[in-house]
Colleague: 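Here you go, one structure.
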Amino acid sequence: MSERIREKLNILADAAKYDVSCSSSGGTRKNDNKGLGNSHASGICHTYTEDGRCVSLLKILLTNHCIFDCAYCVSRKSNDIERAAFTVEEVVSLTMNFYRRNYIEGLFLSSGIFKNADFTMERLVRVVKKLRLEERFNGYIHLKTIPGASDELIREAGMYADRMSINLEMPTEAGLKLLAPEKSHQDVIKPLSFVQNQIIQFKEEKKLIKSVPKFVPAGQSTQMVIGATPETDKDIMQTADAFYRNFSLKRVYYSGYIPISNDNRLPVLGSQPPLIRENRLYQTDWLMRFYGFHVNELLNDANPHLDIDIDPKLSWALRNLHHFPVDINIVSYQMILRIPGIGVGSAKKIVQARKFGKLRIDQLKKIGVAYNRARHFIKCADTPYQLKDYQSTQIKSFILAESQSKYIKNDVNQLILF
Amino acid sequence: MIIYLIDGSLEGLLCAVFEWFERKPGPVILKTVQHYQPDAFIQTFQVDNDLNKADRVWKGLQRKLDKRWIRHFYCTFLSELPEAYSSLFEFACYIFSNPPGAEANYGNAHVLALSQTAHKVEREKHRMEAFIRFEHTADGMFYCGIDPDFNVLPLIMNHFKNRYADQRWIIYDLKRHYGLYYDLHIVEEIQMKNVESPENVENIESAEHKENPQSIQIPGNLEGACSTENETTSKVWSKPAKNIRSDKESLYAMLWKDYFKSTNIVARKNTKLHIQHVPKRYWKYLTEKRQDS
Ligand code: SF4
C-alpha cells in the first residue's frame, strides 16, 4: 500500500512541477469552524526546491492520463511514460497529513484530461468538496480549471477553491496553434471571463447579503511558457498586460521552457532553459504592477527585447536620461520609484524621512538605497558637484563594472547562451 | 555620562525611560545585567522595576505610536540583541521629546535601528512559521523543538493556535527553555526539565519520552505583551523518541521527502538561490533535508 502511494506521488508530483505557480497568497479563509487550517494573507513558502523555487502547496496532478497531445507537455498522449491516477481519498489524506505537520499551505490540484473535460472537472470538484465539507479544511486550495468544463462545474469548484487558474501556455495564438493544434486561446478566455464575472457577481451579492459564500477569493492566474516558440518579449508582455487588464488576473507566470521532447517544432533536448530571460520578464511584470510603468515604456517596436545584461528598470532609465538626475528631496514618489537602485520600501522611507530635513548620502545608504547604482540618477543634500555629463553607455559600464563579479558568478551557465 | 542598569525585562527597560524623564541626567548608557561590567569612572544607576511606572510609559507609547510601531518596539525587544536595549531606550526618549509623527524620521539612527531590527525579528518569526515541522507522536501530540535566533514564540503563538485548532501541539524553544502547549482550547507556556540544549539538537532522536503531556502544569497566559517570562514549575516533557512516533509518522515524512525530490527541476538547479532562501542553519528543522529515518 505505502509503496503504491509513493509511486503515484512520484509520478504525479513530477508531472505537475512544470506549472510554476506555487503562490498561496490572497487567501482569506479563517478557521472559524474549529477545523484545520487558515490562510495567511501573504502566503508562506515552507521550503524551497534545489532550483530555488518556493514550495508552498502540495502540487500534484489527479492523473497524468490525457486525451490530448500538446507538444510542450510531458503528459501528452503520445509520450511513452508511466501513467497513474490518485483516488479522491488519497489526495484528501495526503493534503490533510502534510498540512497537519506544517509542510504545506494547502493543495494545488491539476489534472490531465481523461475521458472528457467534465468527467475530469467533476473529480477535481469532489476532492475540494470533501476537503472543505467533510474534513473542515480551511487551508489554501488552488484548482486548475479544465478547459471545456461546463459552467455549472466551474461554478461549483469556485465555491470551495481559493484560486483558480487556466494556462495560456503560449503567448500568442499562432504559437499555440503550432504546438497544440487542438487548443486555442479562446478555450482559456471563456472560463477566465466566466469565473471573473462570477467573482464580481458574488461580491455584489455579498454587499447585500452577508451570508453569501466566498467565490475564488484569491482570484485567478495564468501561465505562459517562454522560449518554446519564437515570440518577442514585447509580444509576451503585451499579452500579459492585456490579460491583467481584461480579466483582473492576480498573477501571470512565465515559465522558461525546459526541453522535454525531440519534437522538431521545439528547442532541442538538453538546451538550457532561458532562466535570465524568465527573470527579466518577471522584473518587467513587477514594474508594471507595482512601479507604475506602462508596458510600452519598457518594451516597444524600437526595443522588442529586454536587455539580458541589465534589468529593465535600469534599461529604461538609460534610455531616458533626460529625466535625470532628479533631486531626491523634492521629486514625487512616483518618480523616486523609477530610479534604479531604489525599491518600494526605500522609496516610502525617503518620502517620510525628507519631511524632517534634507537627506544626505549616508542616510540614503542606511535606508537601503543601492547607492552605487542610484548615484548616477539622483541628487541629494551633499551630492558632490559634477562637471561632466556622462553618456548612458558610460553609466552602464560603471554599473556593470561594479556588479560584474557578482553577476558572472551567479549566471555563468546561462550567460554562455546569449 | 551615567550608566543605567536594567535587568533585561521589558518592564525594566520602560522603567529606565521613566527614570530618565524624572531625573534628566543627560547622556545615558543603558546596560543589562548580563552585559554589565563595572566601570570605576562612570557612575551607575540601578533601575528598579516598578510595574506602575512601566505601565505609564507603555501607555504613553501607545498614545504616541500606532499599532505598527508598537509592534516594531516589541519585536526589537524580543531580538534580545545587546544593542537593542539602548536603541529602544533612546527611541522612547526621542518619541516622548518630540511632537507626534517623529517615528517617520528614518534619518534618525534609532528610528532606523528599530525598523531594521524589527524587520529581522519578523523575518525570523516568518521563518519559524514556515520551517517548523511537527512530528506526530503515538499519543496524538504534534511536537517540534526549535532554537530561533530571536525570542519569537510570543509572536508565532496566535498563528499556530488559529491554524492547528483541531490538534494538540507543542512548540519548544530549546535555547530559551520554554515552550507553547496547545490543548485544543488554550495555549499555555510550559517548561521542560532535562531537555536537550540546542547544541545537540541532532542527538535529540535518542531522547526519552518521560512524562505524559497531560500532566503539564499551567502557567499564566501569554497574551499580555509585557509578560512573556513566567516563572513556572512544569513537568518534564521531552521530544518524542523514534519508538513513540505514531505509526504513520515515518510514512508521511517519507512521502514528503519524496515529494520534495519530485517537485525539483534538475535543469534549473540553482544552489545559491536555494541556500539564500533556506540558510543552512535551518536545515536541521526540515524533514525534507534530513538524511535519517
Ligand atoms: S491537455 Fe493539458 S495535460 Fe493534456 S497534453 Fe495538453 S497540456 Fe498536457
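So you know, we letter chains A, B, ... as the sequences are listed, proteins then strands, and number each from 1. Values in this document were obtained by computation on a predicted structure and should not be read as measured data.
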Colleague: Could you list which of residues 95-106 of chain B have a heavy atom closer than 4.5 Å to any heavy atom of chain A, in residue-number order?
Modeller: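 Contacts with chain A: B:G101, B:A102, B:A104, B:N105, B:Y106.
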Colleague: May I ask you to decide whether A:E50 forms a salt bridge with B:K261, counting only side-chain N to carboxylate O separations under 4.0 Å?
Modeller: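 Answer for the salt bridge query: no.
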Colleague: Which atoms of B:I132 come close to chain A, meaning under 4.5 Å heavy atom to heavy atom: side chain ones, backbone ones, both, or neither?
Modeller: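 It is both, since atoms from each part get that close.
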Colleague: Say whether, by atom type as modelled, one donor and one acceptor occur between the side chain of B:R163 and the main chain of A:G37 under 3.5 angstrom.
Modeller: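 Not at all, since once roles are kept as given, no pair shorter than 3.5 Å links the two residues.
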Colleague: I'd like to know if the side chain of B:Y259 and the backbone of A:I60 have a donor-acceptor N/O pair within less than 3.5 Å.
Modeller: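 No; zero donor-acceptor contacts below 3.5 Å.
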Colleague: Check for a donor-acceptor pair, side chain of B:E288 on one end and backbone N or O of A:Y103 on the other, with a separation under 3.5 Å.
Modeller: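 Answer holds: no.
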Colleague: Chain A: which of B:Q276, B:E249, B:H159 shares the most heavy-atom pairs with it under 4.5 Å?
Modeller: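 Option with the greatest count: B:E249.
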Colleague: When you measure from the side chain of B:H274 to the backbone of A:G52, do you find a donor-acceptor pair of N or O atoms at a distance under 3.5 Å?
Modeller: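 It does not hold such a pair.
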Colleague: Can you tell which part of B:L112 gets under 4.5 Å to a heavy atom of chain A, answering side chain, backbone, both or neither?
Modeller: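 The side chain, not the backbone.
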Colleague: Listed by chain and number, what are the side-chain hydrogen bond (donor to acceptor under 3.5 Å, both in side chains) partners of A:N97, not counting sequence neighbours?
Modeller: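 Once residues adjacent in sequence are excluded, the partners of A:N97 under the side-chain hydrogen bond (donor to acceptor under 3.5 Å, both in side chains) criterion are A:R101, B:Y252.
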Colleague: Side chains of B:W256 and A:I104: closer than 4.5 Å at any heavy-atom pair?
Modeller: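 They are in contact (side-chain heavy atoms under 4.5 Å apart), so the answer is yes.
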Colleague: Could you pull out the closest heavy-atom pair between B:A130 and A:C45, with the gap in Å?
Modeller: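 For B:A130 versus A:C45, the nearest heavy atoms are CB-O, 3.2 Å.
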Colleague: Judged by modelled atom types alone, do B:S262 and A:N10 share a side-chain donor-acceptor pair under 3.5 Å?
Modeller: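 Judged by distance alone, the side chains do pair up.
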Colleague: Donor-acceptor pair, A:K17 side chain versus B:N264 backbone, under 3.5 Å?
Modeller: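 Indeed, once roles are kept as given, a pair shorter than 3.5 Å links the two residues.
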Colleague: Side-chain contact test, heavy atoms from C-beta onward, threshold under 4.5 Å: evaluate it for B:H136 versus A:R100 and give yes or no.
Modeller: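 No, every pair of side-chain atoms sits at 4.5 Å or beyond.
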Colleague: Picking from A:Q363, A:K355, A:R360, A:R53, which has the most non-hydrogen pairs under 4.5 angstrom with chain B?
Modeller: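 Top option by heavy-atom pairs under 4.5 Å: A:R53.
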Colleague: Charged N to carboxylate O below 4.0 Å: is that the case for B:D258 and A:R6?
Modeller: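 Salt bridge: yes.
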Colleague: When you compare the side chain of B:F160 with that of A:N102, does any pair of heavy atoms fall below 4.5 Å?
Modeller: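 Of all side-chain heavy-atom pairs linking B:F160 with A:N102, at least one is under 4.5 Å.
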Colleague: Given heavy-atom pairs under 4.5 angstrom as the criterion, report whether the side chain, backbone, both or neither of B:Q116 touches chain A.
Modeller: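 Side chain only.
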